[in-house]
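Written below as structure tokens is the structure these notes are about.
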Number of protein chains: 2
Amino acid sequence: MELDERKKLILGAIIESYIETAEPVGSRTIAKKHDLNVSPATIRNEMSDLEEMGLLEQPHTSAGRIPSHLGYRMYVDRLMKRYELTANEITRMCSLMELKIAELDTLIKEIANIYSRITNYTVIGTMPEVSKASIKHFQVMPIDDKTLMLIIVTNTNIVRDTKISIGRPIDLHTAARISSVLNERLSGLSCGDIDMEKITLLQAELTDNEDLIQPILHFIYECVEATENSEVFTGGISNLLSFPEYNNIQRAKELIGFLDDKSNLHRAMAVREHEHVRIVIGSENRAIELKDCSIVVSSYNIDGKVVGTIGLIGPTRMNYSKAVSNLEFLANQLNRLTSKPGNKQE
Amino acid sequence: MELDERKKLILGAIIESYIETAEPVGSRTIAKKHDLNVSPATIRNEMSDLEEMGLLEQPHTSAGRIPSHLGYRMYVDRLMKRYELTANEITRMCSLMELKIAELDTLIKEIANIYSRITNYTVIGTMPEVSKASIKHFQVMPIDDKTLMLIIVTNTNIVRDTKISIGRPIDLHTAARISSVLNERLSGLSCGDIDMEKITLLQAELTDNEDLIQPILHFIYECVEATENSEVFTGGISNLLSFPEYNNIQRAKELIGFLDDKSNLHRAMAVREHEHVRIVIGSENRAIELKDCSIVVSSYNIDGKVVGTIGLIGPTRMNYSKAVSNLEFLANQLNRLTSKPGNKQE
DNA sequence: GTTAGCACTCGATGGATTAGAGTGCTAACA
DNA sequence: TGTTAGCACTCTAATCCATCGAGTGCTAAC
């Protein structure tokens, strides 16, 4: 079945109404609120189609419709209009940034806290402690003429690998030599310990393979930051209890319990490299405990490098449009703020 | 009215029954469970007396009795028997300690988390970041012949004062000189910055008043640790939602919202100098949001010096006996553990 | 393709009744 | 004088039941 213009309009209207009221949406409501110039009966037919397409659901026969996770996905990907922050909101967000806190970690936590109060959602953030995590072991090996595999074991015993494209074949022997140089020079070090001196040393020892150094260093940073050493924090957990979705204590308890465990948060907050704002809806979450939640998360930079993430968590019935706008704005401001000199970066 | 032996027995029985079941306790229940060899009617008379004494309360006329805050206070102060940890519990607590974590702060947080799972209460802990807080300004002045007042302003603009007993009178002029020496040598420094060298310098400049240096340094430590720079953390907040007391979402939200704010936690967790285990019951809490909660909190040491606190929070109907035993054990173990060399202390 | 009309479904609401736990009081008892 | 049995009374929680109303799906007419 085709998703024509009118269906889109109706779907959008239903989702927005549901986001606002948390009540199943009936045909009459839509007919009245939006002047589509069609009768409730027509809308009922369309709604029936939308349900068949898996975009809507019916809690029980005589209730209205609510969006399915697929419906939300369609909405955020194709229907949602960008929410324009009001002048008032921009002012509030900006004043957030004027906290005069010297330490970056305190600053981010403080911002997260206040931000949760502004948005009335729960805020989750991660903050890598770059200086702590380190690499225990390196292993380099050739895969084919154009690809090299780099395996890294971190001090927390997490194993990660990546493929590096190379312009020329590298034989087993050379790969072994590179491995041993890396292990000798870099193992046990954290990102903070890798300075120009170390890099120059590497360059001297790997003169024939100097072009590999950049991608290797890049991957090291990536690994170390992805480990569980990075700190996670939350703010405004009690906001969750305002949503009628969590009037059921049992559900609330499960979710809050889940959020209590930092390693869970880490997994939930993963943002792919260079991804802008990521939206994970309901059952798209890997964790089953989050199957009725959505997460909107963005990364933020220090000196142009992604070092942490900050995001909102709420019921699937989340004001995505507003959440995305807010978060983009916040991340931008953070980027601007932290790229100034005088912060804690190594 | 006198609190005779039987009344004590009945009060204890009611409190322990209520702690277990969270249901108002009736006269029949007590008569049956404990063989006091008296009829329910007699117990009713006694309960009526206990209510008159303010130790019990009645939610409504035809319900049983529940302990009042005063009742709990009486219980923990005079009636409560020490809970003996079972071998199993001791094993679990000990294995908690075997986490091989180098950084003290991570260790404490991790222990707090697991501990909350063991006890099924919410754990709150504080951890001073001694290295961050500092003193902005000193002011010394004589009060009378035998007392000197020391006022300190921290970098967070908190003002605190103390009186120091001295064996001889000190005049205004001398006091001013001491003030200016302190400001010159110590202001802007944090505890971590005050080393032997600085102290020697002070001793040289205050030769006539060398005996003041120790108490002054002591108070500096006390102030800096009491400021909001010390870190607070919580674990197992979701445990609160298991208590029937928090079946009311509104109440749960208020409490969890309160716990979300770190500065609230600081105030709630204050332990007086050298106090062992402190129990704060219901309305004894200064914060109105905690009027239905109790807090059991203990301090812990590093190298014999109190540096942080760890405690449990739950409804006033808390198993005080067990909470105290658990906490004492934990604090003892922590003290033992951290007094070994090799931790992060400055 | 759209719409009006209508029967039907199903949860929510509110009132009435009932069951049960517990009290307080009185009078009898040791 | 303290203790106890008995009984009337109170209050909450649970249950039942009728009703309401929002909303659907289907049919037939436009």
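If you're wondering where the values come from, they're calculated on a predicted model, not measured in any experiment. Below, chains carry the letters A, B, ... as their sequence lines are ordered, and counting in each starts from 1. For the numbers below, each heavy atom of this structure counts, side chains included, while hydrogens, waters and symmetry mates do not.
- In this structure, CD1 of A:Ile66 is placed 16 Å from C1' of D:dT24, rounded to the nearest angstrom.
- Nucleotide C:dG5 holds its P atom 13 Å from the CZ atom of A:Arg28, rounded to whole Å.
- Rounded to whole angstrom, the span from the CZ atom of B:Arg44 across to the P atom of C:dA27 amounts to 16 Å.
- Per the geometry, CG belonging to B:Asn45 stands 11 Å off P belonging to C:dT23, to the nearest Å.
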Assess the residue pair A:Glu57 and A:Glu51 against the criterion (side-chain contact (heavy atoms from CB on, under 4.5 Å)); give the C-alpha distance rounded to whole Å, side-chain angles, the decisive distance to 0.1 Å, and a yes or no. CA-CA 6 Å; A:Glu57 283 170 358; A:Glu51 185 172 356; 5.8 Å; no

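- With distances taken from any side-chain atom of A:Ser62 to the nucleotides C:dT3, C:dT9, D:dG25, the minimum falls on C:dT9.
- Nearest nucleotide to the side chain of B:Ser39, out of D:dT24, D:dT4, C:dT3: D:dT4.
- Neither OP1 nor OP2 of D:dA22 sits under 4.0 Å from any side-chain N or O of A:Arg65.
- Nucleotide D:dT27: paired with C:dA4 (Watson-Crick or G-U wobble, both distances less than 3.5 Å).
- Not one N or O on the side chain of A:Asn326 forms a donor-acceptor pair closer than 3.5 Å with the backbone of A:Ala323.
- Between the side chain of A:Ser321 and the backbone N or O of A:Tyr83 there is at least one donor-acceptor pair closer than 3.5 Å.
- Between C:dC10 and A:Thr61, a contact under 4.0 Å exists linking OP1 or OP2 to a side-chain N or O.
- The interatomic distance linking A:Glu46 (CD) with C:dT2 (P) rounds to 7 Å, in whole Å.
- Between A:Phe233 and B:Phe233, the distance from one ring center to the other does not fall under 6.0 angstrom.
- If you measure from atom CG of A:Asp4 to atom P of C:dT2, you get 9 Å, rounded to the nearest angstrom.
- Residue B:Thr42 places at least one side-chain N or O closer than 4.0 Å to OP1 or OP2 of D:dT4.
- Dashed line: the shortest gap from a side-chain N or O of B:Ser27 to OP1 or OP2 of C:dT23 is under 4.0 Å.
- For the pair A:Met47 and B:Val38, nearest-nucleotide mapping onto DNA chain D gives the more 5' position to B:Val38.
- Distance CZ (A:Arg6) to P (C:dG1): 10 Å, rounded to an integer number of Å.
- Spacing between atom CD of A:Glu57 and atom P of D:dG23 amounts to 18 Å, rounded to whole angstrom units.
- Between A:Tyr18 and A:Tyr72, the distance separating the two ring centers is not shorter than 6.0 angstrom.
- With a cut-off of 3.5 Å on both pairing distances, the Watson-Crick or G-U wobble partner of C:dA16 is D:dT15.
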